[in-house]
Amino acid sequence: MAVVNWLRRNVVVLFGLLALGYMTLPNIVVLMFSFNDPNGRFNYSWNGFTLDAWKEPCGVAGICDSVAISMKIAVLSTIVATVLGTAIAFALGRYRFRARGAINTLLFLPMSMPEVVMGASLGTLFLNMRINTGFVTILIAHIMFCLSFVVVAVKARVLGMDPKLEEAAGDLYASPTQVFLRVTLPLAAPGIGAGAMLAFALSFDDFVITNFTSGNTVTFPMFVYGAAQRGTPPQINVIGSAMFVIAVLIVMIGQIRATRRARQRA
């Protein structure tokens with residue numbers, strides 16, 4: 001009976017751990033095969049432990065160039081989408097104006113629309129406008145579909161903010177600029193940060209839309225797709241594992257800082 005009672009009390013935690021393990025399993029496999037010594041072109045079966053791929057992550061021609069391109073596009077699209085998305089989120093969350101409902105609906109379209117539809121539409125648009133596809137067209141496309149995710153994340157934070165705090169700062173003779181920088185922006189920072197990280201991850205990871213708008217520009221997801229047809233070097237797993245570890249560390253650092261702040265306030 002003690003075991004049954006313990007299971008009843010912790011059933012939600014157990015299912016949560018099972019779901020987390022299920023989602024993390026592919027990342028563990030990728031990490032494991034980054035240390036594999038493949039026997040041939042394909043890195044699909046375990047043959048032995050080696051650090052060769054980690055010592056030379058750029059050992060495959062073009063792989064680091066594709067990572068650099070993906071990083072540039074992800075950083076630029078994140079900056080632009082975060083700035084525009086934050087402004088739109090404040091406008092939608094704080095003000096009432098005509099077409100507000102229509103704008104809210106339109107912002108959800110890129111999130112609900114299949115990527116292949118959006119990619120094909122953008123590819124057709126650039127073709128009809130006779131714009132040469134490449135780095136710039138990829139950047140435009142990524143900003144377009146990242147913008148909606150930033151708006152949703154920031155808007156949820158804006159709607160949860162207490163406007164009385166800003167009113168109190170104004171009553172204490174703070175200028176509008178001081179109110180925004182010292183009160184509004186710090187309160188909205190968690191939502192802005194979440195939207196920015198989500199935009200970066202979506203941009204760096206995107207393949208479908210990029211494939212329609214890339215031209216001769218090869219991003220890391222496109223390099224992986226092309227390499228899978230000829231062979232899968234372990235360097236791909238190395239870069240994927242490094243990105244996963246960096247993301248986990250960022251989340252852990254943020255969580256630790258949030259916990260410390262909560263303790264200090266208590």
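Any value given below was found using the heavy atoms of this structure, including those in side chains, with hydrogens, waters and symmetry copies removed. Just so it is clear, the structure is predicted and the values come from calculations on it, not from any experiment.
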Checking [X] side chain against [Y] main chain: does a donor-acceptor pair fall under 3.5 Å?
{"X": "Asn128", "Y": "Thr124", "value": "yes"}
{"X": "Ser148", "Y": "Leu107", "value": "yes"}
{"X": "Thr82", "Y": "Ile79", "value": "no"}
{"X": "Asn39", "Y": "Asp37", "value": "no"}
{"X": "Arg230", "Y": "Gly226", "value": "yes"}
{"X": "Thr78", "Y": "Phe200", "value": "yes"}
{"X": "Asp206", "Y": "Leu202", "value": "no"}
{"X": "Arg157", "Y": "Ala189", "value": "no"}
{"X": "Thr232", "Y": "Ala228", "value": "no"}
{"X": "Ser203", "Y": "Ala199", "value": "no"}

Treating Ile, Leu, Val, Met, Phe, Trp and Tyr as nodes and any side-chain heavy-atom pair under 4.5 angstrom as an edge, say whether [X] and [Y] lie in one connected cluster.
{"X": "Leu198", "Y": "Phe204", "result": "yes"}
{"X": "Leu31", "Y": "Trp46", "result": "yes"}
{"X": "Ile28", "Y": "Phe33", "result": "no"}
{"X": "Val136", "Y": "Phe145", "result": "yes"}
{"X": "Leu181", "Y": "Phe90", "result": "yes"}

Quiz prompt | Residue Phe42 excluded, over 12 heavy atoms near CZ under 6.0 Å | solution =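 Yes, because the 6.0 Å sphere around CZ of Phe42 holds more than 12 heavy atoms from other groups.
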Exercise. For Asn216, look at atom CG and say whether over 12 heavy atoms of other residues, nucleotides or ligands are found less than 6.0 Å away.
Key: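 Check fails, neighbour count at 12 or below.
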Quiz prompt | Working for side-chain contact (heavy atoms from CB on, under 4.5 Å), residues Arg94 and Met161 | solution = CA-CA 10 Å; Arg94 290 290 180 86; Met161 292 166 51; 3.4 Å; yes
Measure across [X] and [Y] and return the closest heavy-atom pair with its distance rounded to 0.1 Å.
{"X": "Leu92", "Y": "Arg100", "answer": "O-NH2, 2.6 Å"}
{"X": "Val150", "Y": "Gly195", "answer": "CG2-O, 3.6 Å"}
{"X": "Ile69", "Y": "Val218", "answer": "CD1-O, 3.6 Å"}
{"X": "Ile143", "Y": "Ala81", "answer": "O-CB, 4.3 Å"}
{"X": "Cys58", "Y": "Ile63", "answer": "CA-CG2, 4.0 Å"}
{"X": "Met222", "Y": "Ser214", "answer": "CE-OG, 3.3 Å"}

How many angstroms lie between [atom1] in [X] and [atom2] in [Y], if you round to the nearest 0.5 Å?
{"X": "Met118", "Y": "Leu109", "atom1": "CE", "atom2": "CG", "answer": "9.5 Å"}
{"X": "Thr137", "Y": "Leu127", "atom1": "OG1", "atom2": "CG", "answer": "11.5 Å"}
{"X": "Ile88", "Y": "Asn104", "atom1": "CD1", "atom2": "CG", "answer": "10.5 Å"}
{"X": "Ser121", "Y": "Ile209", "atom1": "OG", "atom2": "CD1", "answer": "9.5 Å"}
{"X": "Phe126", "Y": "Thr133", "atom1": "CZ", "atom2": "OG1", "answer": "8.5 Å"}
{"X": "Tyr22", "Y": "Leu18", "atom1": "OH", "atom2": "CG", "answer": "12.0 Å"}

Exercise. Taking the six-membered ring for Trp and the full ring for Phe, Tyr or His, determine whether the centres of Tyr95 and Phe97 are under 6.0 Å apart.
Key: no
In terms of side-chain heavy atoms, does [X] have a donor or acceptor partner in [Y] at a distance below 3.5 Å?
{"X": "Asn43", "Y": "Asn36", "value": "yes"}
{"X": "Asn237", "Y": "Ser241", "value": "no"}
{"X": "Thr213", "Y": "His142", "value": "no"}

Quiz item: Any side-chain heavy atom of Pro26 sitting closer than 4.5 Å to one from Val29?
Solution: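 Side chain of Pro26 against side chain of Val29, heavy atoms only: no contact under 4.5 Å found.
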Practice problem: Kindly determine whether Phe135 and Lys72 satisfy side-chain contact (heavy atoms from CB on, under 4.5 Å), including the steps that lead there. | Solution: CA-CA 10 Å; Phe135 185 93; Lys72 291 178 183 178; 4.1 Å; yes
Exercise. Measure up the Phe207 and Tyr225 rings against each other and bin them: parallel (under 30°), tilted (30 to 60°), perpendicular (over 60°).
Key: tilted
Quiz item: Which class fits the ring pair Phe220 and Phe223: parallel under 30°, tilted 30 to 60°, perpendicular over 60°?
Solution: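 Plane angle under 30°, so parallel.
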Self-check item: Glu166 with Arg182: basic N within carboxylate O range, under 4.0 Å
Solution: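 Here Glu166 does not pair with Arg182 in a salt bridge, since their nearest N and O are not under 4.0 Å apart.
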